[in-house]
Amino acid sequence: NLKRAEGHLPEDVLVLRSIIDVNLPKFLSPDVPLFEGITSDLYPGVELPAPDRAAMRRAFETVCVERNLQATPYFWDKVVQIYDMMVVRHGFMIVGMPFSGKTSAWKVLA
């Protein structure tokens, strides 16, 4: 899917984006800097262009208003991570502390 959608990008950028999209949502926050260090060592100088998520962002904000949720940057990041996992996996689990927004995040995508 990524190669079809972003076929104009160089292959190293596509590979790095797919590695990040698949693995980053699985890490705990203390592990993220280590992962970013490893990917920057494996792909030095590779700059990832930000994906165009303008339409998704507008829909996210609309749904948050409808559901009386706060559209914070943290919540947006979690929704994007869940979406990315849905795109690349057939099934997955959302785990975390109670009342951390797991149910609200996937329902925003519904």
Could you tabulate the donor-acceptor pairs under 3.5 Å formed by side-chain atoms of residues 63-79, not counting sequence neighbours?
from : atom 1 : to  : atom 2 : distance (Å)
T72  : OG1    : F75 : N      : 3.2
K78  : NZ     : Q81 : OE1    : 3.1

Pair D52 + R57: basic N to acidic O under 4.0 Å
no
Under 3.5 Å, sequence neighbours excluded: what are the donor-acceptor pairs made by side chains of residues 25-48?
from : atom 1 : to  : atom 2 : distance (Å)
T39  : OG1    : F35 : O      : 3.2
T39  : OG1    : E36 : O      : 3.0
S40  : OG     : E36 : O      : 3.2
S40  : OG     : G37 : O      : 2.9

Any donor and acceptor pair, going by atom type alone, linking the side chain of R17 with main-chain N or O of P49 inside 3.5 Å?
yes
Assess whether salt bridge (charged side-chain N to carboxylate O under 4.0 Å, His left out) is satisfied between R53 and D84, documenting all intermediate values.
CA-CA 12 Å; R53 298 192 193 273; D84 288 341; 3.1 Å; yes
Is there a side-chain contact (heavy atoms from CB on, under 4.5 Å) between M85 and I94? Walk through the geometry before answering.
CA-CA 10 Å; M85 291 301 290; I94 303 170; over 6 Å; no
Show me, pair by pair, the donor-acceptor contacts under 3.5 angstrom made by side chains of residues 99-109, not counting sequence neighbours?
from : atom 1 : to  : atom 2 : distance (Å)
S100 : OG     : M97 : O      : 2.7
K102 : NZ     : G96 : O      : 3.3
K102 : NZ     : M97 : O      : 2.7

